Amino acid sequence: TIGVLVDTLAFHQPPGIGLALGLAITIVAVAATGTLLDVDRPRSVWGFAAAGIVLAAFVAVRSSPVLVTLNAGATLLVVAVVSQLRSTGDLGRWTLSRYLTHPLTVAADAAGGAGSFLGGDLRSDMPEVRRQRLRAVALGITVGIPIVLVFTALFAAADVTFDAYLSELTATWSLLSVFWRIVWSVTVAATIAGLWRTARCPRERSIADRPSLAGPRLDPRSAITVLVLLVMLFALFVLTQVLGHDPDLVSPRDYSENARSGFFQLLAVTGLVVTVLLVFDWLIRTDAGTRSPLFDRLAIGLIVLTAVVMVSAMNRMRLYVNEFGFTELRVYTSVFMVWLGFVLGWFILTVLRNRHARFAFGLLLSGLIVVLVLDVANPDALIARFNWDRHLAGQEFAQEYTAELSADAIPVLVDIVESSDERWCVLESRLAVAQDRLATERDAHGILADSWSEQHARSALQELTRTTELGC
């Protein structure tokens, strides 16, 4: 039932209310294992479930493809975490390696639990007479389908009316579509059944629970040598930024090459620093949690220098945005850079104090918070408003790009058209296309493919067309 319900709501139409309901049902189904199966589960399960439901709800609020993807991915991450919370305080022992191996554990639990449920639990609870009946029916269906298809083909070839009826039926219900609906329904049902089965009878040991190797995995002097080289390189870069001269920003090409490319390269540098520090910490840390004090000092020095690099990167982005305005890529990468800054600071406060589980939990919680903040902020609307404010200040308005934003930005675009004395032909034509598309999608897919932002956009466009004829 759950599999069919989630398939009907979440799939086979554009993301919207249906996908949000499907994700919410999945969260509740997984979180309810403790209550339904009388399994000891920590209270934090319902806290995570509530956060997941809020994230799922924003799938039905925002229309930006980036936000929809982030919300759906974060919701599935919450589902994966909730499915593995088995005992009180269990989450407090999760390290970053546990989170990284977590998808494998969830997949193994779902597959193994589903197999145990079908092969053991279901058979043991079913009388022998009923099992024989089901086997006979299954065999009959397997043998009968090819025979039915042969006779169907003969009847269609023999009678034009029957052939036309079949053609109309297959146009409405594609066999491939039916097949994939069955596959999705069975997959969701088997996954939930497997997670329920594993929660009731957990495996004795998972991949993430295996004991670690004794002693450090790498000679600490090797890691210290790498950090020394990195600190020297970063110090040289920072020195050139302080003593060097700013590039001559004359043409748009100069801005593009020096600001845009430089920012993304420095963003990659920051992400790699986090990765290098985490890997070397794992490699040289002993079972007792001790490391070389020199490694800690070098790590702090590298993080401080990385912070200077991040300031340089954000300054490059500031120059680029001042010249060309905001885009989705510039907004989301800037937010990601700020989050990486938090990660580096959190690394000092937790990992270097041997609080690895707290570091991993902080990454999970901060990531969910960032997604929720983006949902509330509505980046597409902010981009449209910021770019228009730049135009009012005398800068060029990129109406081609702004008109391509999602339905989240349409109310702002409508305000621009209404308040401006100029005619923005490209913007108006795109709004007219968006109005037709929103009406068509609602008629074609129904309310399950709708969202709050699309409904708000329809209302704004309807009000606009009462006073203004779109297009030039």
Side-chain angles (χ1 to χ4, degrees), residues 8-24 54-72 325-328 331-332 372-392 396-472:
T8 302
L9 292 173
F11 306 117
H12 316 293
Q13 67 263 335
I17 296 176
L19 179 58
L21 290 175
L23 291 171
V54 172
L55 289 166
F58 271 108
V59 173
V61 173
R62 298 300 177 206
S63 297
S64 169
V66 178
L67 279 183
V68 170
T69 302
L70 288 175
N71 285 316
F326 264 132
T327 63
E328 284 187 292
V331 169
Y332 287 111
L372 289 175
V373 169
L374 288 172
D375 285 322
V376 175
N378 191 2
D380 280 15
L382 291 178
I383 292 169
R385 177 62 63 188
F386 179 84
N387 291 343
W388 177 247
D389 290 341
R390 288 181 65 257
H391 171 71
L392 296 179
E396 182 181 357
F397 180 55
Q399 63 167 327
E400 290 82 4
Y401 174 81
T402 306
E404 294 290 345
L405 294 172
S406 70
D408 293 341
I410 285 182
V412 177
L413 301 182
V414 169
D415 291 340
I416 292 173
V417 172
E418 290 179 334
S419 62
S420 177
D421 296 331
E422 305 176 65
R423 295 300 300 270
W424 300 99
C425 297
V426 174
L427 185 58
E428 291 183 19
S429 62
R430 296 285 172 78
L431 288 177
V433 171
Q435 186 176 31
D436 295 338
R437 177 182 58 80
L438 290 172
T440 303
E441 286 185 354
R442 179 64 180 270
D443 295 337
H445 302 287
I447 193 173
L448 292 180
D450 207 3
S451 66
W452 178 86
S453 69
E454 291 180 345
Q455 183 60 39
H456 193 198
R458 289 191 194 95
S459 300
L461 289 170
Q462 186 176 7
E463 291 294 328
L464 176 63
T465 53
R466 289 177 180 175
T467 58
T468 305
E469 182 178 355
L470 296 177
C472 299

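Owing to the predicted nature of the structure, the values given are computational and were not obtained by experimental measurement. The residues of the chain are indexed from 1 along the displayed sequence.
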Peer 1: Compare every heavy atom of A384 with every heavy atom of A409, then report the nearest pair and how far apart it is.
Peer 2: CB-CB, 4.3 Å
Peer 1: V66 and Y332: side chain to side chain contact (heavy atoms under 4.5 Å, CB included), yes or no, with the steps?
Peer 2: CA-CA 9 Å; V66 178; Y332 287 111; 3.5 Å; yes
Peer 1: Considering only NZ, NE, NH1 and NH2 on the basic side and carboxylate oxygens on the acidic side, decide whether R385 and D415 come within less than 4.0 Å.
Peer 2: yes
Peer 1: Test V426 against Y401 for side chain to side chain contact (heavy atoms under 4.5 Å, CB included), laying out the working first.
Peer 2: CA-CA 10 Å; V426 174; Y401 174 81; over 6 Å; no
Peer 1: If you measure from OG1 on T327 to CG on N387, what distance do you get to the nearest 0.5 Å?
Peer 2: 8.5 Å
Peer 1: Parallel, tilted or perpendicular: which one describes the rings of F326 and F386, with boundaries at 30° and 60°?
Peer 2: tilted
Peer 1: Closest heavy-atom contact between S406 and P65?
Peer 2: CB-CD, 4.3 Å
Peer 1: Of the non-hydrogen atoms in A457 and A407, which two are nearest, and what is the gap between them?
Peer 2: CB-O, 3.9 Å
Peer 1: Set out, in order, the CA-CA distance, both residues' side-chain angles and the distance that settles side chain to side chain contact (heavy atoms under 4.5 Å, CB included) for F397 and T402, then state yes or no.
Peer 2: CA-CA 9 Å; F397 180 55; T402 306; 3.8 Å; yes
Peer 1: What are the two closest heavy atoms between R62 and S453, and how far apart are they?
Peer 2: C-OG, 3.8 Å
Peer 1: Show the nearest heavy-atom pair for residues L464 and E418, with the distance to one decimal.
Peer 2: CD1-CG, 3.4 Å
Peer 1: Given R458, which partner from the list Q455, H456, Q462 fulfils the side-chain hydrogen bond (donor to acceptor under 3.5 Å, both in side chains) test?
Peer 2: Q455
Peer 1: Using the test ring-ring contact (aromatic ring centres under 6.0 Å, His included), find all partners of F58 that sit at least two apart in sequence or belong to another chain.
Peer 2: none
Peer 1: Report the distance from atom CD1 of I416 to atom CD1 of I410, rounding to the nearest 0.5 Å.
Peer 2: 12.0 Å
Peer 1: To the nearest 0.5 Å, what is the distance between CD (E441) and CD (E454)?
Peer 2: 6.0 Å
Peer 1: Pick out which of V61, D408, I17 makes a side chain to side chain contact (heavy atoms under 4.5 Å, CB included) with W452.
Peer 2: V61
Peer 1: What distance do L67 atom CG and S451 atom OG have between them, rounded to the nearest 0.5 Å?
Peer 2: 11.5 Å
Peer 1: Given side chains that start at C-beta, do those of L405 and E328 come closer than 4.5 Å, heavy atoms only?
Peer 2: yes
Peer 1: Any idea which heavy atoms bring A72 and L23 closest together, and the distance?
Peer 2: CA-CD1, 4.1 Å
Peer 1: Once rounded to the nearest 0.5 Å, what's the spacing between atom CG of L374 and atom CG of L70?
Peer 2: 7.0 Å
Peer 1: Kindly compute the distance separating CG (L19) from CG (L448), expressed to the nearest 0.5 Å.
Peer 2: 10.5 Å
